[in-house]
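This report refers to the structure that appears directly beneath it.
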Amino acid sequence: MTRHFQECELISVLTTQPLGGALDYMAPVGGCIDGAFVEVPLGPRKVLGVVWGPGEGKVDATRLRKVIRVHDVEPMRVETKAFLARAAEYTLTPMPAMLRLATRSPGLGDPPSMRRVYRRGGRAAPERWTRARRRVVAALDEFGSLAFTLGELTEAAGVSSSVVKGLVEQGVVTEEESPRDRPYPRMDPRRTEVALTSEQSAAARALVAGVRSGKFGATLLKGVTGSGKTEVYLEAVGACLEAGRQALVLLPEIALTEGFLTRVAARFGARPAEWHSGVTTTERRRAWKMAANGRAELVVGARSALFLPFRDLGLIVVDEEHDISYKQEEGVIYNARDMAVLRASIAGAQVVLSSATPSLETWANAESGKYARLALTARFGAAVMPDMRAIDLREENLPARRWISGTLARAMKERIEVGEQVLLFLNRRGYAPVTICRACGKQIDCDHCDAWLVEHRFRKILMCHQCGATRPVPYACPSCKAEGRLAPVGPGVERLAEEVRGLFPDARLAVLSSDLFGSAKDLKACIKEISEGGADVIVGTQIVAKGHNFPLLTLVGVIDADLGLQGSDLRAAERTFQLIRQVSGRAGRAERPGLALVQTCQPDHPVMAAILSGDEEEFWRAEAAARRDAGVPPFGRLAGIILSSPDARAVMQVGKTLAARSEPLRRIGAEVFGPAAAPIARIRGRHRVRLLVKAERGAPVQGALAEWLAQVRLPANLRLSVDIDPQRFS
Ligand code: ADP
Ligand code: ZN
């Protein structure tokens, strides 16, 4: 039972303000219930808060202030509260910041604005029928009781607004005011029957049984690209809708959603609610409210959709669960995949982690039996996995400033001539990663960061990929002033495109790189064009690795397979393996068989060997063994602490003080490494120092970290962030 607080009773309200936290207030006139969204005074301001239980009585009664008003939205449910509290505890995030994540919907407290809508009215026919009038009535009848806005109706019927107004006057169409935050159209879980293959239907049956159990459970759905993972988990979504519970599908990136949304709409007869950075504020508020009252049956979104206030969540799908974009690395640092499992466990929901190349964490959880495991081994229909071959760059004698080997160029030529598509993959934006002065040897770097500036030739700028600062490409060297001596070093996608243009002047070329598109919409349009055959050669960064379907694509060339293996990152091998397998999976999705050519200087490297042989299980076993030996995740725990400040000495000093007071950590058997300058030692003028905490798997790390960090008072300009289970060491 939700607790009701009487007027003037003492209650605790959690606000979104950093220094506010949970504070005592007096319940408002008329009382309020636990979990209600309220407006409270805080200092001179009025802020958003949530009733978090009875007051603690720490403030003396004369200084207590009263809740101003209760917002007209669904109160926060007990499960949501529990989820936020556990997530905060796990990630060492203060509760106000956690609450901000859960209320990222502007105007929550506003009354829903109204808009004018149109439906069929009481009169069956107008005095006189015209063609235009018939079209309006037909459009309305097609959608039953659904209301249209004037714009929607005139577009659907292909008439002018005066036709609609005329029908309103005659009572054939009614006009009324209705709240803008309208429910999403109902989904029909049984609208489409898909004839699944026997392997697919075995997997689907297992997922559906999980959903019907109404209990928590986690499943790894592993299957090669194109094997029908999406078809299979949509069966589970259907079962969830049928059971009357809500489903959430998380996707790594906006570029994926359009094709996905139409696919969902075709299957369930209506578009789902969307939640990502490209959604308007009105739609965000609508999605938030409808998630809360249950009228958004299916939400498709980016990682932060996980913090929506679902009324009754029965299923979470994390598509491409290994994708690094699930890790939020700024503000609240969390991994949406892990938080999805946490949320599902609290909500009594199923979670499906879908991937062709799962993260080692998930693979290990499936191995140990913590997660169930389902496998799809064959591509759907005629498609087969591409043939993978290495091109040994040591034998290719590539001339300077050339990156496409003769072998690769010949293969490209063959494909282009028969009208098939070629994709060249290079995970580097811009024209050249480094610009050097041939007179003095200086490499141009950022004024604010410890990073080289990257030339972007299409946009005629040098850009810092750390802070985003740009400047025009100079003619004279900023250091020695020599003119006309600056030269690009190394390739980026733009430079690779230039090489393609030289080799195949008649081929139609598309360059896909996140910085070349003004908006997600432009990118979507470009991807659509490519999939319809609008390009012969595609040059792209990792944005091409994600689920796009290019039926004509039969050859993938990986330009520099060794790139990801450089550096000391714990996950370098895993990342390289995933990325190259994913990109290669783009080839040969339709009837035509695919080929992936991987350019490398170290074809015998164990990671390359695993990529080429396609023996994924072998790769994971070897990688797991190495990590187990080293005691690192998922077999041990790591936490990264990043300190940053404009003052280089002060930041190192705080690092040393922390290292010297590591007693709370040593008590749980954890080790502290550092302080050391972070791999990127300066970003936006802030010097960065990191410490690394390593502990055994079951160690109570969060509590010890909190105690440890609380010992040190931080100077005002020093920022400290804690990254539990860091994904990268930058
Ligand atoms: P994945 O998610 O594993 O990459 P998809 O579910 O996207 O695979 O399937 C790849 C393609 O094959 C899609 O176009 C999908 O519609 C089609 N497909 C897969 N399984 C079936 C099936 N049983 N019946 C019809 N089409 C299917
Ligand atoms: Zn910079």
Side-chain angles (χ1 to χ4, degrees), residues 192-205 207 220-238 249-252 256-267 300 317-323 352-358 374-386 430 433-435 443-454 456 461-471 531 545-551 553 581-591 594 644 646 678 680-688 730:
T192 324
E193 290 288 329
V194 183
L196 297 177
T197 66
S198 64
E199 195 181 48
Q200 288 173 342
S201 66
R205 268 198 310 276
L207 294 183
L220 164 61
L221 176 61
K222 181 178 172 306
V224 296
T225 326
S227 58
K229 295 185 294 298
T230 310
E231 293 298 342
V232 168
Y233 74 64
L234 287 179
E235 291 282 312
V237 168
V249 175
L250 293 179
L251 300 173
L256 255 174
T257 60
E258 189 50 42
F260 187 81
L261 293 171
T262 37
R263 193 162 164 187
V264 168
R267 177 134 177 177
V300 174
V317 175
V318 185
D319 199 349
E320 311 275 359
E321 69 88 30
H322 63 279
D323 197 281
V352 176
L353 307 174
S354 171
S355 175
T357 50
L374 298 168
L376 300 178
T377 52
R379 280 189 159 185
F380 179 73
V384 288
M385 269 309 271
V434 172
T435 300
Q443 305 188 2
I444 303 187
D445 55 6
C446 178
D447 293 338
H448 318 287
C449 306
D450 188 14
W452 307 127
L453 291 182
V454 177
H456 287 248
I461 51 166
L462 293 176
M463 188 203 281
C464 171
H465 284 184
Q466 292 307 324
C467 71
T470 61
R471 60 159 98 148
S531 64
K546 317 272 167 81
H548 313 301
N549 196 351
F550 300 138
L553 182 70
R581 295 285 302 174
Q582 292 271 320
V583 172
S584 304
R586 299 298 120 216
R589 294 201 47 152
E591 322 65 56
S644 75
I680 302 166
R682 194 171 52 117
I683 297 182
R684 292 191 175 88
R686 300 181 70 88
H687 296 270
R688 305 168 77 239
S730 53

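Remember, it's 1-based here, ligands and their atoms both numbered in the order they're listed.
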Regarding atom 23 (N) of ligand 1: of the candidates Glu320, Gln200, Arg267, which has the closest heavy atom?
Gln200
Results of side chain to side chain donor-acceptor pair (under 3.5 Å) for Thr357 - residues two or more places apart only:
Gln582
Which atoms from ligand 1 have a heavy atom of Gly228 less than 4.0 Å away?
1 (P), 3 (O), 5 (P), 6 (O), 8 (O), 9 (O), 19 (C)
Non-hydrogen atom of Gly226 closer than 4.0 Å to ligand 1
yes
Do Glu321 and Ser354 pair up side chain to side chain, a donor and an acceptor below 3.5 Å, judged on atom types alone?
no
To the nearest 0.5 Å, what is the distance between NZ (Lys229) and CG (Leu374)?
12.5 Å
Sub-4.0 Å heavy-atom approach of Val224 to ligand 1:
yes
Note: Ala195, heavy atoms under 4.0 Å from ligand 1, region reported as backbone
Here the gap from Arg686 atom CZ to Cys467 atom SG, rounded to the nearest 0.5 Å, amounts to 13.5 Å
Would Glu193 and Arg267 pass as an ion pair if we require N to O under 4.0 Å?
no
Nearest heavy-atom approach of Phe260 to Leu234 is CZ-CD2, 4.5 Å
Does any N or O of ligand 1 fall below 3.5 Å from an N or O anywhere on Gly223, backbone included?
no
Near the Zn ion (ligand 2), meaning under 2.8 Å, the protein N/O/S atoms are Cys446 SG, Cys449 SG, Cys464 SG, Cys467 SG
Provide the closest heavy-atom pair for Pro252 versus Asp319 in the form atom of the first, atom of the second, distance.
CD-O, 3.6 Å
Roughly how far, to the nearest 0.5 Å, is the CG atom of Leu376 from the OG1 atom of Thr197?
7.0 Å
Nearest heavy atom to atom 3 (O) of ligand 1: which of Glu199, Lys222, Lys229 does it belong to?
Lys229
salt_bridge(Arg471, Asp447) N-O dist < 4.0 Å:
yes
Leu196 neighbourhood, listing ligand 1 atoms whose heavy-atom distance to it stays under 4.0 Å
23 (N)
Which heavy atom of Val454 sits nearest to which heavy atom of Gly430, and what is that distance?
CG1-CA, 4.3 Å
